[in-house]
Protein chains: 2
Amino acid sequence: MTNKAILDAVHETAKDLHRAGAMNATTMREFDAMCLPPVKQYTAGQIKKLRLRYKASQAVFAAYLNTSASTVQKWEQGQKKPNGPSLKLLNVVDQKGLEVLG
Amino acid sequence: MTNKAILDAVHETAKDLHRAGAMNATTMREFDAMCLPPVKQYTAGQIKKLRLRYKASQAVFAAYLNTSASTVQKWEQGQKKPNGPSLKLLNVVDQKGLEVLG
DNA sequence: TATTATATAGCACTTAGTGCTATACTCAGC
DNA sequence: GCTGAGTATAGCACTAAGTGCTATATAATA
């Protein structure tokens with residue numbers, strides 16, 4: 001939270017610099033990328049908790065993520081770990097809700 | 001488009017039924033899952049166009065999706081196809097903008 | 001009781017994802 | 001002109017995630 005506040009503040013400053021012409025668009029884009037909030041990792045249990053927060057079955061949750069129920073099962077059992085994009089999707093759901101995937 | 005209009009209308013009707021107590025929450029959830037908008041497929045070129053819409057380099061775009069630049073390259077060259085969750089992420093970016101991943 | 005929905009377990013297969021290196025092409029600044 | 005940073009493409013090899021399937025177990029429910 002305090003980290004996010006700092007990042008936000010720095011980001012605002014960068015946007016001001018951009019408006020002032022001190023940073024070109026390219027640099028700005030890279031800056032944005034570097035300032036992307038770090039993707040949070042989830043344990044098997046945390047994934048299950050995240051799903052249950054929305055009272056969704058494994059099948060329904062999988063449908064939202066456009067993956068298979070088998071995959072969600074393995075995540076929750078700790079047999080497999082979600083890869084990059086899947087993890088990002090879990091972060092989005094965690095922070096913005098399952099609805100944004102609708 | 002006409003398909004989406006139909007789905008939207010049906011969905012609205014279902015929500016009305018839900019409000020009226022004719023459907024319980026569980027059924028409603030499953031209904032929601034079944035009514036999830038179909039995930040759009042993208043050709044290699046369409047992925048590249050999507051990325052360029054946000055004037056992002058492959059590396060930056062990859063960072064947003066929490067994947068590697070190598071993977072984005074292969075998508076755009078048609079050497080690999082994005083899997084389920086990756087495709088969902090592309091759909092989200094397409095429909096809601098790259099910002100929602102921030 | 002019978003049935004439906006859900007979750008777990010285990011198997012086998014395929015391929016996406018990843019990392020790395022080398023090459024080539026812009027484009028802006030010296 | 002030349003140079004260097006940024007970007008994109010190509011090709012290689014490896015690993016593990018993703019997928020599909022079946023069977024079993026449980027809980028809730030009609």
Side-chain angles (χ1 to χ4, degrees), chain A residues 18 21-35 39 41-91 93 98 101, chain B residues 21-34 39 41-91 93 98 101:
Chain A
H18 182 220
M23 295 177 69
N24 63 19
T26 301
T27 305
M28 192 61 202
R29 280 202 309 274
E30 299 189 4
F31 182 84
D32 270 345
M34 288 195 299
C35 282
V39 176
Q41 301 287 334
Y42 294 90
T43 65
Q46 288 172 330
I47 294 178
K48 183 162 193 170
K49 273 189 60 178
L50 176 59
R51 171 174 64 85
L52 293 179
R53 186 197 304 170
Y54 297 100
K55 306 194 198 333
S57 69
Q58 292 174 338
V60 168
F61 195 65
Y64 271 92
L65 302 184
N66 194 32
T67 186
S68 68
S70 176
T71 294
V72 173
Q73 286 174 23
K74 287 171 180 54
W75 288 348
E76 295 188 0
Q77 296 305 313
Q79 299 174 15
K80 297 291 171 88
K81 293 192 173 185
N83 66 358
S86 299
L87 208 53
K88 182 74 183 190
L89 226 30
L90 291 176
N91 274 258
V93 170
L98 202 53
L101 301 187
Chain B
M23 296 176 69
N24 62 21
T26 300
T27 306
M28 191 61 202
R29 279 203 309 275
E30 298 191 3
F31 181 83
D32 271 343
M34 288 195 300
V39 175
Q41 301 288 332
Y42 293 91
T43 66
Q46 288 171 330
I47 294 178
K48 185 163 193 170
K49 274 190 59 178
L50 176 58
R51 171 175 63 86
L52 293 179
R53 186 197 303 170
Y54 297 100
K55 305 196 197 332
S57 69
Q58 292 175 337
V60 169
F61 195 65
Y64 271 92
L65 302 184
N66 194 33
T67 186
S68 67
S70 175
T71 294
V72 172
Q73 286 173 25
K74 287 170 181 55
W75 288 348
E76 296 188 359
Q77 297 305 314
Q79 298 172 14
K80 296 291 171 90
K81 292 191 173 187
N83 66 357
S86 299
L87 207 53
K88 183 73 184 191
L89 226 31
L90 291 177
N91 273 259
V93 170
L98 202 53
L101 302 187

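Within every chain, numbering begins at 1; the chains are lettered A, B, ... in the order of the sequence lines, protein sequences first and strands thereafter. Predicted model, so just to flag it, every value in this text is computed and none were measured.
In this structure, N91(A) and Y42(A) approach most closely via the heavy-atom pair ND2-CE1, 3.4 Å.
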Q | Working for side-chain contact (heavy atoms from CB on, under 4.5 Å), residues V93(B) and Y64(B) | A | CA-CA 10 Å; V93(B) 170; Y64(B) 271 92; over 6 Å; no
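Protein atom CD of Q77(B) is 11 Å distant from nucleotide atom P of dA8(D), rounded to whole Å. The separation between L89(A) atom CG and dG18(D) atom C1' is 14 Å, rounded to whole Å. Here the C1' atom of nucleotide dG17(C) and the CD atom of Q58(B) are 15 Å apart, to the nearest Å. The separation between N66(B) atom CG and dA16(C) atom P is 19 Å, rounded to whole Å. Distance, R51(A) CZ to dA5(C) P: 17 Å, rounded to whole Å. When rounded to the nearest whole Å, the span between NZ of K48(A) and P of dT6(C) equals 14 Å.
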Under 3.5 Å between N/O atoms: give me all the protein pairs with nucleotides 25-30 of chain D, atom names plus distance.
none

Heteroatom pairs (N/O) under 3.5 angstrom, protein to nucleotides 11-17 of chain D:
residue : atom : partner : partner atom : Å
dA17(D) : O5'  : K81(A)  : O            : 3.3
dA17(D) : N7   : K80(A)  : NZ           : 3.0

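The rotation axes computed at either terminus of the helix from dT1(C)-dA30(D) to dC30(C)-dG1(D) lie 50° apart, taking five pairs at each end and rounding to 10 degrees.
For the atom pair K49(B) NZ and T43(B) OG1, the distance stands at 9.0 Å (nearest 0.5 Å). A distance of 5.0 Å separates CH2 of W75(B) from OG1 of T67(B), quoted to the nearest 0.5 Å. Going from atom CD of Q79(B) over to atom NZ of K81(B) covers 13.0 Å, rounded to the nearest 0.5 Å. Here the CG atom belonging to L65(B) is positioned 6.0 Å from the CG atom belonging to L90(B), to the nearest 0.5 angstrom. To the nearest 0.5 Å, atom CD1 of residue I47(A) and atom NZ of residue K74(A) are 13.5 Å apart.
With sequence neighbours left out, the side-chain hydrogen bond (donor to acceptor under 3.5 Å, both in side chains) criterion links N83(B) to S86(B). Residues passing the side-chain hydrogen bond (donor to acceptor under 3.5 Å, both in side chains) test with Q58(B), sequence neighbours excluded: E76(B). Every residue was checked against the side-chain hydrogen bond (donor to acceptor under 3.5 Å, both in side chains) condition with K48(B), not counting sequence neighbours, and none meets it.
Listed candidates were dG18(D), dA8(D), dG17(C). Nearest to the side chain of T71(A) is dG18(D).
Residues L101(B) and N66(B) fail the side-chain proximity criterion, which asks for heavy atoms closer than 4.5 Å.
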